[in-house]
Amino acid sequence: LVSIDVERFLEATASHPQVLKLSRSYALAYSYLSLSSEAEYKDRVDLDVVTSRVLGAMPIEDRQDYCLPLLESFYDRSLSRTLENYYPVRRNRPSQASREDLEKELAAGKCVITLGDDCQLLRTVVLAALEIRNTQDQLLVLIAATKGGSLVPDVVLPATKLRDQESTDAAAKRLIGE
């Protein structure tokens, strides 16, 4: 159980409006995941929702406010020294091309970036995959994809990436409708 002294929290964030904005956005996204009528977590007593999933439910602009400074911390030496005080591990810096690709994906809302258990950057993409079986218990899968004008083996379940502020239930319904 976590309790927060709201008055002290508001006092602490009064001089840091960006922290207050991000905290509010995070709390709203968490509430959306746990309380909406389509919420995948609505039937659980203990709501242990992973950070990347909450960030994925936030508006893209707010999500970037969390993820971009984290990405920058792997490149800015002064930020790196500060973080090493809290996370004293060798951090692997992605290449400049990888950084640019991550920034594009973040701007498009295609992924979120958090720290993994090893304190390295962790890119997360949230998918909704469907397991569809017929009455003979046969599984529906895609067996090939087109690449360069020819078919190549590619056995996967029907799936789609979640869109901005979309629940997995809504994404699954969208996939079925497509």
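No hydrogens, no waters, no symmetry mates; every other heavy atom, side chains included, goes into these values. A quick note: this is a predicted structure, and the numbers were derived from the prediction, not measured.
- We find the CD-CD distance between Gln96 and Glu100 to be 5.0 Å, quoted to the nearest 0.5 Å.
- Listed by first and then second residue, the side chain to side chain donor-acceptor pair (under 3.5 Å) pairs that reach into residues 143-153 come to none, sequence neighbours excluded.
- Contact detail for Ala171 and Ala128: the closest heavy-atom pair is CB-CB, 3.8 Å.
- Between Ser52 and the options Leu122, Val125, Val112, a side chain to side chain contact (heavy atoms under 4.5 Å, CB included) holds for only Val112.
- Atom CG of residue Leu20 and atom CZ of residue Arg24 lie 4.5 Å apart, to the nearest 0.5 angstrom.
- The side chain to side chain donor-acceptor pair (under 3.5 Å) analysis of residues 104-117, with sequence neighbours excluded, yields the pairs Glu105-Arg123.
- When all heavy atoms are compared, the tightest approach of Gly56 to Arg63 is O-NH2, 3.2 Å.
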After noting the C-alpha distance and the side-chain angles of Leu55 and Tyr26, does the key distance pass the side-chain contact (heavy atoms from CB on, under 4.5 Å) rule?
CA-CA 7 Å; Leu55 291 176; Tyr26 192 93; 4.2 Å; yes
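- Looking only at distances, no side-chain donor or acceptor of Ser25 sits under 3.5 Å from a matching main-chain atom of Leu22.
- Across Ile60 and Ala107, no two heavy atoms sit closer than the pair CG2-O, 3.7 Å.
- Distance CG/Leu106 to CG/Leu68: 5.5 Å, rounded to 0.5 Å.
- In this structure, Leu71 CG and Leu102 CG are separated by 6.0 Å, a value rounded to the nearest 0.5 Å.
- Side chain of Ser23 to main chain of Val19: a donor-acceptor pair is present (N/O by atom type, distance under 3.5 Å, no hydrogens or angles).
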Check against side-chain contact (heavy atoms from CB on, under 4.5 Å), Asn92 and Leu121:
CA-CA 8 Å; Asn92 299 317; Leu121 286 177; over 6 Å; no
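- For Glu7, the CD atom is loosely surrounded, since the number of other residues' heavy atoms within 6.0 Å does not exceed 12.
- Taking both residues in full, the closest heavy atoms of Tyr66 and Met58 are given as CE1-CE, 3.4 Å, listed atom of the first, atom of the second, then distance.
- Side-chain atoms of Leu157 and Leu139, non-hydrogen and from C-beta on, do get closer than 4.5 Å to each other.
- Residues Lys21 and His16 are not in side-chain contact: their nearest non-hydrogen atoms beyond the backbone lie 4.5 Å or more apart.
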